[in-house]
Amino acid sequence: AMLADELSPAERAKTQGINDLLMGLVTAVGSVISGVVFASAGYAVMGIVGTVLSLIPLGLIGWWMTGRTEASAAL
């Protein structure tokens, strides 16, 4: 929906198609990788890998927000 709102009608179809293709490819690759991890290491390792991968963006957001707070305080 955000792409459709921001793009001109000429750009919309191609950009949304590429976006859908990339989302499908990432989903497929993630499914294959999770299947390999699950088959080779089991459910416990699958949970640990999922936890670590979900904490990475959370840490990056915290780091980014800390930098913004320090920059605002310096003004």
Side-chain angles (χ1 to χ4, degrees):
M2 290 174 62
L3 279 175
D5 292 342
E6 297 298 323
L7 297 171
S8 68
E11 301 173 310
R12 191 172 297 151
K14 183 178 179 180
T15 304
Q16 283 182 330
I18 291 171
N19 183 49
D20 289 344
L21 173 70
L22 290 175
M23 286 177 39
L25 288 173
V26 168
T27 301
V29 169
S31 296
V32 168
I33 291 172
S34 66
V36 169
V37 170
F38 181 71
S40 64
Y43 192 73
V45 173
M46 186 73 182
I48 292 168
V49 169
T51 301
V52 169
L53 289 176
S54 65
L55 290 176
I56 291 170
L58 185 62
L60 289 172
I61 290 171
W63 174 69
W64 180 69
M65 292 298 289
T66 303
R68 287 187 59 177
T69 304
E70 290 174 0
S72 297
L75 294 176

What is the distance from atom CG of L55 to atom CG of L60, rounded to the nearest 0.5 Å?
11.0 Å
Cluster link I56 to V45, ILVMFWY, side chain under 4.5 Å:
yes
Cluster link L53 to M46, ILVMFWY, side chain under 4.5 Å
yes
Applying side-chain hydrogen bond (donor to acceptor under 3.5 Å, both in side chains), name anything that partners E11, two or more places apart in sequence or on another chain.
S8
On a heavy-atom basis, which atom in R12 and which in L7 lie closest, and how many Å separate them?
NH2-O, 3.0 Å
Quick one: which residue pairs count as a side-chain hydrogen bond (donor to acceptor under 3.5 Å, both in side chains) with a foot in residues 17-46, not counting sequence neighbours?
none
Applying side-chain contact (heavy atoms from CB on, under 4.5 Å), name anything that partners L21, two or more places apart in sequence or on another chain.
L25
